[in-house]
Structures are given as C-alpha cells and as structure tokens.
J.: 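First the structure, then my questions, so here it is.
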Amino acid sequence: MKLSNPGIWIGILSTLGVVALAVRDLDKMAPGDLAAVHGRMEELAGSENCSQCHGGWGVSMADACLECHEAIGTQIEADSGLHGEIGLRSEPVCGLCHGEHHGESWSLVNAQSFAMSGAGSVEEFDHNFVGFRMDGGHLDLSCTECHEHADEEVLTEGAERFGGLDQSCTACHEDRHEGKMVIDCTSCHGQVAFDQLDAFGHEEFLPLEGGHEQLACLECHAVGSEFALGKIGRGLFEEDERNCIDCHDQPHRKKFIRGVAAQVEAPVAESCSECHLPEHKGFVASRSVVSPELHALTGFELDNPHTELSCRECHGKPGTDFGLAHPNRTATDCAACHEDPHEGQFNGELGAPKECIDCHDQAGFEPHAFTVEMHQESDLVLRGSHLELDCHVCHEDPVAGEARSFSTMKSACEACHQDAHEAFFSDYLEVVDEKRFEARTERANPAGCEVCHDSTTFTEYSKKRFNHGASTGLEVSGAHAQTDCETCHPRAEEADPNGRTFGWVREHFGEFEGCVTCHEDPHQGQFDGGDFPAEVAGRADCARCHESSSFRALSDNFVHGDWTHYPLDGRHAELDCSACHDPLRLPDDSGRTWGRAAGTTCSDCHADPHAGQFLIEESISCERCHESASAFEQLIFDHDTDSTFRLGDAHAELDCGVCHPAVPTSSGLELVRYRPLQSECVDCHGVQRDRGLLGGRDED
C-alpha cells in the first residue's frame, strides 16, 4: 500500500472527522444533573468525567462505583451487611436501587432503594436482615439514636447514613464486667434491662420447661460448681451439649438417648421428655405408651407379632429391677425368649450362625421365608427338577418329638436316589487312579453322578463331561466316537425300577472282555499268548496294532517282524501294505478287511527268473544268492563256496556271461543258463591234438 495515494489520505481524514463530531454530540447529550452528594464533587462535574461513574475500556459501571464505595464492595465479597445479603456478588448493578441524573433534590437512598433490596421500608426495616436481632428496649429507639445521619438529605463527606456501626453491645454500652467475660453479652442478658438475666438461647443446651421452667439460674449454675455461670462466662467450662444425664442419674445408655434426640429432631436435652414428663417428678412417671419408633432405638423394633403384646409380657411388672425388666436384646434374638425348633442345626458346628428372621418372618413361624436364592448358598445348589420340588419332598416331616432335618442332610445324589448303574462306576473307580478321577470330576461325589448327569432329568446326560475311558476302562475314540451310544447301549422302551432306560452292554454282548466282546477276531486268536506282547506302548488288546478309527489303519507301534516273524527289510520296507495284502471291499467271514499274504518265501510272490534251475526238493531259496533287503542285482553268491566249480585265478576275472550265456527257450524268452553245466576243461576249451604225431588238425 502506498501512502502517497491521495485516496488513502482522504479516507483517513474523513474517519477522524466523523469521530470528532460524535464526541462533540455526546458532550451535549447528558441525561440530567447529578444528585447533590455527587454534584458537589469536582472530579465528577462536567461531561468529560463520565467515566468516573460509568467506567471505560474494560471497567464496568459497578466496578467504577465500588472504587469509591469500598465498604460496599467489602460487604459483597464477605456476604455480610445489607449488600452482602441481597445477593449482588455475581454482577452488582448499583443503578437498580440507586438512580442518578435526577437533580440535586434527588436522594440516592430512598423508599425505592429499600423496596428493591427486599428489606421493606425504612420504618419497617427488620434488622435480622443484616444479622442483628433487635428487641426489647431497642424497639423503642428512633433510627437517629443509633444512625445519627439517617435523616440528613445530603451527607457530609466521609459520613455514612446507616453503615459503619458495630453490632457488639460494648460498642454502645459500658462493659460492667470489665472485659472478663469471653462469651457474648446476649448469652446471658436480653435487650430489656441489664440486671434481668435472659435465658434466650438456653434451649440450645436445655429447654427451660416443666420442672426446669421455675428454677433460678443459680440452682443449676451454683457458684463454685462445675456449671457455674462465672466459669461459663469466662470460658472456663466447655460443653458441646448438656442433657439430663449431666445432672440426673438414669439407666439408659447415651447411645439410646442420642438416638431418640436424632429421631425426634430435637436437642439431646429434650430427648428424655419423649418418654418422661418434663416436670421429672419421678423417673418412673413416664408416658403410658412408647412409640414403636422410639422402642426401635433400644435395638428392638416392635414389628409383628410384638406389636400386639403388652409391655408387661416382655418387661415384667412395675417395680421390677430395670436391668431385669429391660434386658439388652434385639428383635432378631428370638432364642432369648423362644425355644429353637431346629435344635441347633443352624448354629455352632453344623454351620455358620443364622438368625431366625433369615428364614422366618417375624409375624409368624409359618410360612417360612427361605427362598431359592438362599438355598443356593448351601452345599446343594438347586437346579433343574430340584427347583420344582416342594420343600417337604426332601425335608420330610419329622418323627414326633424330633426336629425336621435341614443342615444335617447330605448333598450327594445317592443320599436320595438309587444308583441306576448298580455301583458299576464306584466299583471300577476303586481300582483305578483315584487322583485322576478326582481331578476330572472336581467336586464329584463317590458315585460321580454329576460327571454325566445334570439335575434336569436322569435320561439326559452330557457326552462332553463324561470320559468313557477314565470311567469304564474302554476309550471311545475313532469310529466308536462317531456312532451313537445306543449302538452299544440300546434303550429300553420302559425304564427299570431305578429309572434307567440305557441298555447294559452285557445284556447284548455279554460280559466285557475287550474288543472280542463286540467284534469277531479276524486273526482267530493267533496273536494272543505265546511270545506276543500283551501290551504295546500302554495299549492292549487289538489296539496293540490297530487304530480305532478303522480296522485297516495300523498303529505307528506296529512292527511287522514282531507279529509275523517276517521282518520288512530293504525294498519290502518301502512297499505299501496293499502290495502284499489286498484290501477287501467287504470284510470276509472272519471280519478281515485285508487279504492274507501269498506266503513268506520269494517264490510265493515273485516269478522264478531261473526257470527252476535252483529248485531243491521242490523249494527255492533265493536268499542263498540274493540279498533280500537290497536290490535283486546285488548278489551274495560266492562261486568258490556256493558251487561245485572253483573259479581260480584264471576264471575269476571273466564276466559271468562268458560261461553263463543267455539261451532261447521254447516260449521265445531268453534264459540265463546256470545249471546244469559241464565243469570239465574240455567242456569249454575242447582238445588240442599233436600234428606232428597225429598229422592231423585241432578238433573241438
């Protein structure tokens, strides 16, 4: 922006002109003359000093007023005095009560000021509004006798119309005690005459009524006593609260007396009169009826059925020793007056102490108030069908003269129910690892019913919680786990006397003796006994070799040589089982699903490539020349020891085919000939004749 631009200078000068005109107009628009008290002050005269009262930048009108009237600001901050009581602390607005600009004849404190403050008129002003209780002789005084400037139209500078006074008695009156008293004068003296002692405020400690009403002060505050007036006045006696027991003997506990006072919302000193006449001519001269609310403060609430009883039925005849007539008992301590019909089942060793009203209503022993929720805290939590039973089903009516059984009852299932399994599980578990069973069932009772059953219905059971192997010795896994329980335990149409519909295995398959109980042994017992192990890796019976998922699946623990006496070595170890044992589409008559092997000799499975050249007594023993665990081409044949022809040095270097050539057979195949062969030299080399002697030639 360039200041040399004429347009910019024209705009600035125009703005300044408008502001100057506005200021001049404001000087001519004053709303009126000030009141006399403000008009005489030079610093407020003239339009140029408006901000002295109206404030300026960042200063409100109220702040400007309080700069001169500091005492008023102090009242507002301290919540004291007239201005502190009318609630101007948040944002004082002085002009609401004190108008200005009405001329010299206008009084800033007027009838409107009092009306706006809520204090009424000047004549009706209640001094309690400013914290001064005025009565007696003060009521006959005119305002000016205390407030000398009350009627002045224009106050002299520094004077206050109503404020500036001290409410203490000694501010206006001579102190006859010469400063020895530390308590306020009004604690003993009223506003009528100094010589007349006034008990105003005495009800804070003790109401002066009844027998106390006509007593002279010194009868209770005798000179030299603990409660002497001189001690109290000088602050030598400190007592937060005085009550009857400070002067009178009584049998009640202080807790009871204070409770009565709190209930009736009265000072402690008045609490005794709720039951005893205030004239206190005698302690027994009490009111004829004690309310249930007051009786409850003794710790004994008068609820039904005690509301209909007379006092004498519990407290004896008049004149009875107070301690005997009013024993320290509560409404819940039924045993203090009544016999225990349960004969101590809910006390002492049989369980935690119980109060009668935990189960019974105070109005009557029947019906009981024992809820299902309360029963759930006992050793037996009610679930399922148990929730529908009436209490008397389990807690039967007792024999005459005996108590009904509650806490002495057992929570185990067999305590109420017959064992539908005829002790099978309990007998079995006695011979197995008890710790394992306890860890599995956790809180199981000896029969372990909750391992399988819940309390809804016996016919329903949990397969998830029940461990068939741990509880019966038969692990249900693999194919067994895929079938329904009814496959082995067919259900009966009708339940037996114990409620059982689940079938017994023995009724359908006989006594359990392992896999053969339900399945045919396809091996016909050939692997039982003898030198075969009864257990392999902790597994017995068929599980020694087979997995329960399928009979075709063999365990990793199966060793072919141990069970067949035919070790799988070399190439045989690499073969799948089906190479020797054809899988059957359907089990055979004995239940086998794998075909039997052709045999254990090589010729049982393999064709003889030598066409019987090594057949000895109708048998061929390939392993004499071939290593069965390695390749067929690898020979263990030693020509010098395993044949009738020793090779010697000359023949050992020859290839086998030189002596054992391949010859054609009648079937068109070639066959290496090993035997029979001639072993004489001439059989291979012929005869060399002497030409000189024979004159002939060589002949084969």
Side-chain angles (χ1 to χ4, degrees), residues 256 259 263 288-317 320 323-418 443 445 449-450 454-458 499:
F256 169 73
Q263 186 179 94
S288 58
V289 177
V290 176
S291 68
E293 292 77 16
L294 291 177
H295 199 286
L297 295 175
T298 66
F300 196 117
E301 296 185 10
L302 288 179
D303 295 328
N304 284 329
H306 299 113
T307 53
E308 303 300 326
L309 299 176
S310 66
C311 300
R312 292 185 179 183
E313 291 184 68
C314 295
H315 300 289
K317 298 179 180 180
T320 304
L324 297 176
H326 303 81
N328 185 19
R329 61 192 175 196
T330 63
T332 60
D333 187 13
C334 304
C337 301
H338 305 280
E339 293 184 2
D340 180 10
H342 303 303
E343 298 180 355
Q345 291 186 66
F346 299 102
N347 297 283
E349 298 180 357
L350 296 180
K354 296 287 185 180
E355 293 184 342
C356 300
I357 62 171
D358 288 342
C359 304
H360 302 280
D361 191 270
Q362 284 183 303
F365 192 74
E366 294 288 348
H368 65 79
F370 190 80
T371 63
V372 172
E373 289 74 18
M374 296 170 66
H375 202 294
Q376 307 303 58
E377 297 180 3
S378 68
D379 292 337
L380 177 60
V381 177
L382 297 181
R383 298 187 181 93
S385 299
H386 290 144
L387 289 171
E388 302 173 2
L389 297 177
D390 185 79
C391 302
H392 292 81
V393 174
C394 297
H395 305 285
E396 300 176 350
D397 293 336
V399 178
E402 297 183 3
R404 189 187 301 273
S405 179
F406 288 102
S407 62
T408 56
M409 295 187 65
K410 297 180 179 180
S411 59
C413 302
E414 68 270 17
C416 300
H417 305 281
Q418 294 291 328
R443 296 174 298 174
N445 54 44
C449 302
E450 66 270 28
D454 57 31
S455 54
T456 303
T457 173
F458 182 75

J.: Would you say E313 has more than 12 foreign heavy atoms packed within less than 6.0 Å of its CD?
T.: yes

J.: Please work out which of the three classes, parallel, tilted or perpendicular, describes the rings of H306 and H338, given edges at 30° and 60°.
T.: tilted

J.: Please name the pair of heavy atoms, one in H395 and one in S405, separated by the smallest distance, quoted to 0.1 Å.
T.: ND1-O, 2.9 Å

J.: State whether the number of non-hydrogen atoms from other residues, nucleotides or ligands found under 6.0 Å of E301 atom CD is greater than 12.
T.: no

J.: Which heavy atom in F256 sits nearest to a heavy atom in T298, and how many Å separate them?
T.: CE1-CG2, 3.4 Å

J.: Hey, does the side chain of E293 reach the backbone of Q263 with a donor-acceptor pair shorter than 3.5 angstrom?
T.: no

J.: Taking atom CG of L382 and atom CD of E388, what is their separation to the nearest 0.5 Å?
T.: 11.5 Å

J.: Of all heavy-atom pairs between L389 and C394, which one has the smallest distance, and what is that distance?
T.: CD1-SG, 4.4 Å

J.: Mind checking the CZ-NE2 spacing from F406 to H375? Nearest 0.5 Å is all I need.
T.: 9.0 Å

J.: Could you tell me the separation between the NE2 atom of H295 and the OG1 atom of T307, rounded to the nearest 0.5 Å?
T.: 11.5 Å

J.: Could you check C391 against H368 for side-chain contact (heavy atoms from CB on, under 4.5 Å), going step by step and ending with a plain yes or no?
T.: CA-CA 11 Å; C391 302; H368 65 79; 3.9 Å; yes

J.: Rounded to the nearest 0.5 Å, how far does CZ of R383 lie from CD of Q376?
T.: 7.0 Å

J.: I need the minimum non-hydrogen distance between M374 and D358, along with the two atoms involved.
T.: CE-O, 2.5 Å

J.: Looking at every non-hydrogen atom in both residues, tell me the closest pair between H360 and H342 and how far apart they are.
T.: NE2-NE2, 3.6 Å

